[in-house]
Structure formats: C-alpha cells, structure tokens
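To keep things clear, I will list the structure first and then write my remarks on it.
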Amino acid sequence: MITLITNIKELLQVRENAISKVSGAEMAVLPSLKNAYLILKDNIIEDFGLMENLPKIKADKVIDATGRIVLPSWCDSHTHIVYAGNREQEFVDRINGFTYEEIANRGGGILNSAKKLNETSEEELYEQSKLRLEEVIHLGTGAVEIKSGYGLTVEGELKMLRVIKKLAQNYPIAIKATFLGAHAFPLHYKENKAGYIDEIINTMLPEIAQHQLADYVDVFCETGYFSVEETEEIMAAGIRFGLKPKIHVNQFNSIGGIQAGVRFKALSVDHLEIMNPEDIEALKNSETMPVALPSCSYFLSIPYTPAREMIQAGLPLALATDFNPGSTPSGNMNFVVATACIKMKMTPEEAINAATLNGAYAMGLSETHGSITKGKKANLILTKSISSYYQIPYAFGSNLIESVFIEGKIIV
C-alpha cells in the first residue's frame, strides 16, 4: 500500500539522518520543507522532498494537503492511562483550599486510586483504559508510555501491567510499559516500609520479569514517598531483572533524586518542577532525558519546570502529559505543547522537538518514532488548513488536527 501526500504547506521535523535527541541551542532548530511531498509505503516513511522534485509514482492513495502541515505524531513518554474511576472530588477539595499533600494524608491521592483499582475487575479496567487510549490517539499521539502504580499490591500491579500489555496487542500505537509499584506506600505497610520494598523486589519484580510485563521500572522519589536510598535500591533491583529505570523526581522538593537517576543511567527523570543548579549540573553530559509535565503544573497550580534555564545550560528536554486521575486528567499533547510555550517560555520549535524527537528518546523509540526520516514509522499528524505551525500552540483551545496516521493508516 503506497500513500502519497502532496502539496504539503510545510513538512516538519525532517531529518535526513536519524538522530536520537536534540539538546540546548539545537532545540530551537526544527528542520522543515515547504511545498513538500511525503510517500508512505505500508507502515513506514518511504520518501519525502520538494514538490518540484516529486518522482513519478503509482500510488494507491493520494492526499492533497494544500494549506496543511504534516508533522510526526506526538510521543508521550509519561502517562498513567490505566486507572479506575476518577478523583473528581479531590479536584473540588483543591479548589476549596486543600493541598495535594493534605489530600494524600487524608487517604486520598494515589491511595484513593489504588482502592478503586483493586475493586475493579481486569475486564472493566481494560474497557475504561482503552477509551482513554483511543482519545489520545485521536489527539495525535502515536507513541505512549503507560505506568502501573495504582495497584500497590502484587495482584493489583500485575493486573495493571496485563491491561497495558493487552492494549499494546490490540492497538497499532507503540506502547511502552513501566512498573511503578513504588508509587506510594500502601496503608498496611505504612509502619513497615522495608516490608513493602521487599515485596516489590522479591515478589513483584520476579513475576513481572517472568511474564515480560514491563520495559521500565519507576519510583516516586519525593519527600513523604520514597527516599533517595530506597529509590536506588529499587532501581538496582529493576536493573537486575532487565528493567531500565525512569523516575518521578523533583515534583515538590529537590532531595538528590536526579543525581541518583543519572548514577543509575535512568532513561528519563520526570516532573522537575523544582530544580536547583546542582540538579541541572548533574544532568549535563548524561544519557538521561529530563521530562517536563506542564499540564500537571497547570492543574495543581505548582511551579513549571524551568525550561529556559535547562535549555540554556545545554540540556535536552522532553514534554509529556502525565495523564492520570489525580493531577492531570488529560492526555492532550497539543495542550502540553501550548502550555510549554505559554507558561515555560519554550519556542514552538523547542516544544515540538520536545514532544516528538526527545519524547521518542525518553521511551527508547528514537530509531522508529519522533521524526520524518526514511524507514521510521508512518505515524503522522495532518493539520487542518492553518497559517503556520505557530498556530498549534497559539490557538491552544482549538483542535487543529484533520487526520492522524498510525502505521501508515488514517485513524481519524
């Protein structure tokens, strides 16, 4: 099946030679072609170029993209899409003055979601979760990482990971699974934290490895959750079972988690709302991708990741949604890109790079996703007729997507 897209107003994120990520000043450079064509063969990008150089080709399908922009689909490297129910009441509680920490201390937050999840059947959990996955695909996401972490029991965590695996089997979108048993301490382990860590390491991880249910291991390294030492212990165990680390860190406090992540060669460190110079310095020349979650900052009214400081220090940066029931009940990457521009003062070029190429890196998908490169997956966004790609973050409340391609097929 050959699909030819012609008269593309601008083809974004064109990379003749595949690169894994962009950092520092390079983030402001978004290579593009104006008045371009794009050829898709089955599920991959076959060729692209200027219309004046369009070769003679017999296509099965021709799409005229006059006035429209084509870019790689969004790569969302941090979500919690698999969950049960919602936490609407906590949303109202925050309006009435309760903080995230106060709600958690009252049995809300992650423990609230864990209670609901363990009361929900695996079949019902799948049915709820697939609707969210379908929604984000329609919003232009072509690769997504999904975490466990709302089970906090052996069976609850395994149930979540089985649902993630089933979603990956039933949908064409690329899905990476992350084990986040260390999301919070369950109530019955409140006075025996070492006991829960032992359960994670000696019961959960062996089961997960045996059934190949996860790609990554994650820990919520934060005051009141998991200490740096506990985080290191769990990361080391995950590595022994073949899982590369990715960690939640610096959401409310800077306690040394970034340095631990770098030491353990974590693929990404995520949140980063609170950053000090030592944190930025630790990330320099590392393999670890910093990931910002601006819609979480928006929803919780907490600080935004200091993107300008980090980029000026030469760091790369990825953007993701943090789609979850408590702090970001939205998987809309278009809003994330817009919020990064509006609130974090990232340029549209930086934000698009962060949400495509760098997002792919933060999931280990650089070779297949994140750019318009020959041989990569044909996962694309075709916009409506717009004046320029600046309109994507500028018109933050509008749906500017006309079509979404996943594996070369139009999904929307």
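Quick caveat: nothing in here was measured; it's all calculated off a predicted structure.
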Okay, side chain of [X], backbone of [Y]: is any donor-acceptor separation there less than 3.5 Å?
X	Y	answer
Asn7	Ala65	no
Lys384	Asn399	yes
Arg87	Gly109	yes
Thr6	Tyr37	no
Lys376	His369	yes
Asp218	His248	yes
Thr356	Ile352	yes
Thr288	Ala266	yes
Lys244	Lys265	yes
Asp215	Ala177	yes

Side-chain contact, heavy-atom cut-off 4.5 Å: [X] with [Y]?
X	Y	answer
Leu161	Phe179	yes
Leu117	Thr120	no
Thr339	Val336	no
Lys377	Ile45	no
Ser297	Leu293	no
Glu222	Asn253	yes
Glu127	Lys130	yes
Val163	Glu122	yes

Would you compute the distance between atom [atom1] of [X] and atom [atom2] of [Y] and round it to the nearest 0.5 angstrom?
X	Y	atom1	atom2	result
Ile81	Phe323	CD1	CZ	6.0 Å
Gln128	Lys116	CD	NZ	10.0 Å
Glu309	Leu315	CD	CG	10.5 Å
Leu40	Ile5	CG	CD1	5.0 Å
Leu11	Ile69	CG	CD1	10.0 Å
Gln259	Glu232	CD	CD	10.0 Å

In chain order, what residues pass the salt bridge (Lys or Arg N to Asp or Glu O under 4.0 Å) check against Lys284, with sequence neighbours excluded?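 Glu281.
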
Polar contact flag, side-chain donor to acceptor under 3.5 angstrom, [X]-[Y]:
X	Y	answer
Thr79	Asn324	no
Glu145	Tyr216	no
Gln13	Arg15	yes
Asn358	Asn353	no
Lys9	Thr66	no
Thr99	Arg94	no
Glu199	Tyr189	yes
Thr373	Ser371	yes
Ser387	Gln391	yes
Glu101	Asn105	no

Between Arg132 and Tyr83, is NZ or CZ placed under 6.0 angstrom from the six-membered ring centre and within 45° of the ring axis?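 Here Arg132 passes the 6.0 Å and 45° test against Tyr83.
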
Applying the side chain to side chain donor-acceptor pair (under 3.5 Å) criterion to Ser148, which one of Lys159, His80, Glu157 satisfies it?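 In the set Lys159, His80, Glu157, the residue that makes a side chain to side chain donor-acceptor pair (under 3.5 Å) with Ser148 is Glu157.
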
Any salt bridge between [X] and [Y], counting N to O under 4.0 Å?
X	Y	result
Lys193	Glu230	no
Glu350	Lys345	no
Lys374	Asp47	yes
Lys115	Glu119	yes

Sole residue of Thr178, Asp76, Leu180, Ile164 in side chain to side chain contact (heavy atoms under 4.5 Å, CB included) with Ile146: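 By the side chain to side chain contact (heavy atoms under 4.5 Å, CB included) criterion, Ile146 pairs with just one of Thr178, Asp76, Leu180, Ile164: Ile164.
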
Centroid separation His183 to Tyr150 less than 6.0 Å: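 Ring-ring flag for His183/Tyr150: true, centres closer than 6.0 Å.
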
Could you tell me how the ring of [X] sits relative to the ring of [Y]: parallel (under 30°), tilted (30 to 60°) or perpendicular (over 60°)?
X	Y	result
Tyr196	Phe185	perpendicular
His271	His78	perpendicular
Phe335	Tyr298	perpendicular

Partners passing side chain to side chain donor-acceptor pair (under 3.5 Å) against Asn112 (at least two apart in sequence or in another chain):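 Asn112 satisfies side chain to side chain donor-acceptor pair (under 3.5 Å) with Glu90 once adjacent residues are dropped.
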
Can you give each donor-acceptor pair under 3.5 Å made by side-chain atoms of residues 16-33, sequence neighbours left out, with the distance rounded to 0.1 Å?
unit_1 : atom_1 : unit_2 : atom_2 : d
Glu26  : OE1    : Ser23  : N      : 3.4
Ser32  : OG     : Glu10  : OE2    : 2.6

